[in-house]
Amino acid sequence: MSQFCCKLFSMSDKIKILVCTESHCKKRGAEDIVCALKEQRACMGLKDDVSIKKSDCLGMCEKGPSVYVKGLKLRYKHVDPGDCKDILRSVCGKKQGELKSPNFYVPD
Ligand code: FES
């Protein structure tokens with residue numbers, strides 16, 4: 001299931017994941033999220049398909065650590081390192097029009 005979907009897309013379709021590493025999110029382990037996402041991305045063979053970058057505040061400070069997927073406009077709140085595999089699967093699934101994962105978050 002790992003290299004399942006993202007290889008279907010061209011480099012211009014590269015998925016861009018932003019992880020807020022500003023103060024609120026940093027205090028709640030944002031750096032661990034960046035590491036976990038990168039580790040999981042490597043395990044899933046998605047390095048060429050998914051970019052993971054630290055970002056400024058994403059406007060969900062009280063819900064951090066916060067993750068945002070550019071282009072797809074997906075937002076995740078209270079992210080834990082254990083969520084990273086599901087996030088990557090969900091993001092790839094969204095690209096294919098599959099159902100959202102249970103931790104999918106739609107902002108108010
Ligand atoms: S500090 Fe992370 S969303 Fe604002």
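Order of appearance sets the numbers: ligands from 1, and atoms from 1 within every ligand. Count residues from 1 along the sequence.
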Side-chain donor or acceptor of D86 paired with backbone N/O of D83 under 3.5 Å: no
My understanding is that only residues two or more places apart in sequence, or in another chain, count here; which of them pass salt bridge (Lys or Arg N to Asp or Glu O under 4.0 Å) with K53? none
Heavy-atom count around E39 CD within 6.0 Å, excluding the residue itself: above 12? no
Can you list, by chain and residue number, the protein N, O or S atoms under 2.8 Å from atom 4 (Fe) of ligand 1? C57 SG, C61 SG
Atom pair CD1 (I33) and SG (C25), whose distance is rounded to the nearest 0.5 Å: 9.5 Å
Any donor and acceptor pair, going by atom type alone, linking the side chain of R28 with main-chain N or O of S66 inside 3.5 Å? no
Would you sort out whether K77 and E62 count as a salt bridge (Lys or Arg N to Asp or Glu O under 4.0 Å), showing the intermediate values? CA-CA 9 Å; K77 62 179 180 175; E62 300 308 317; over 6 Å; no
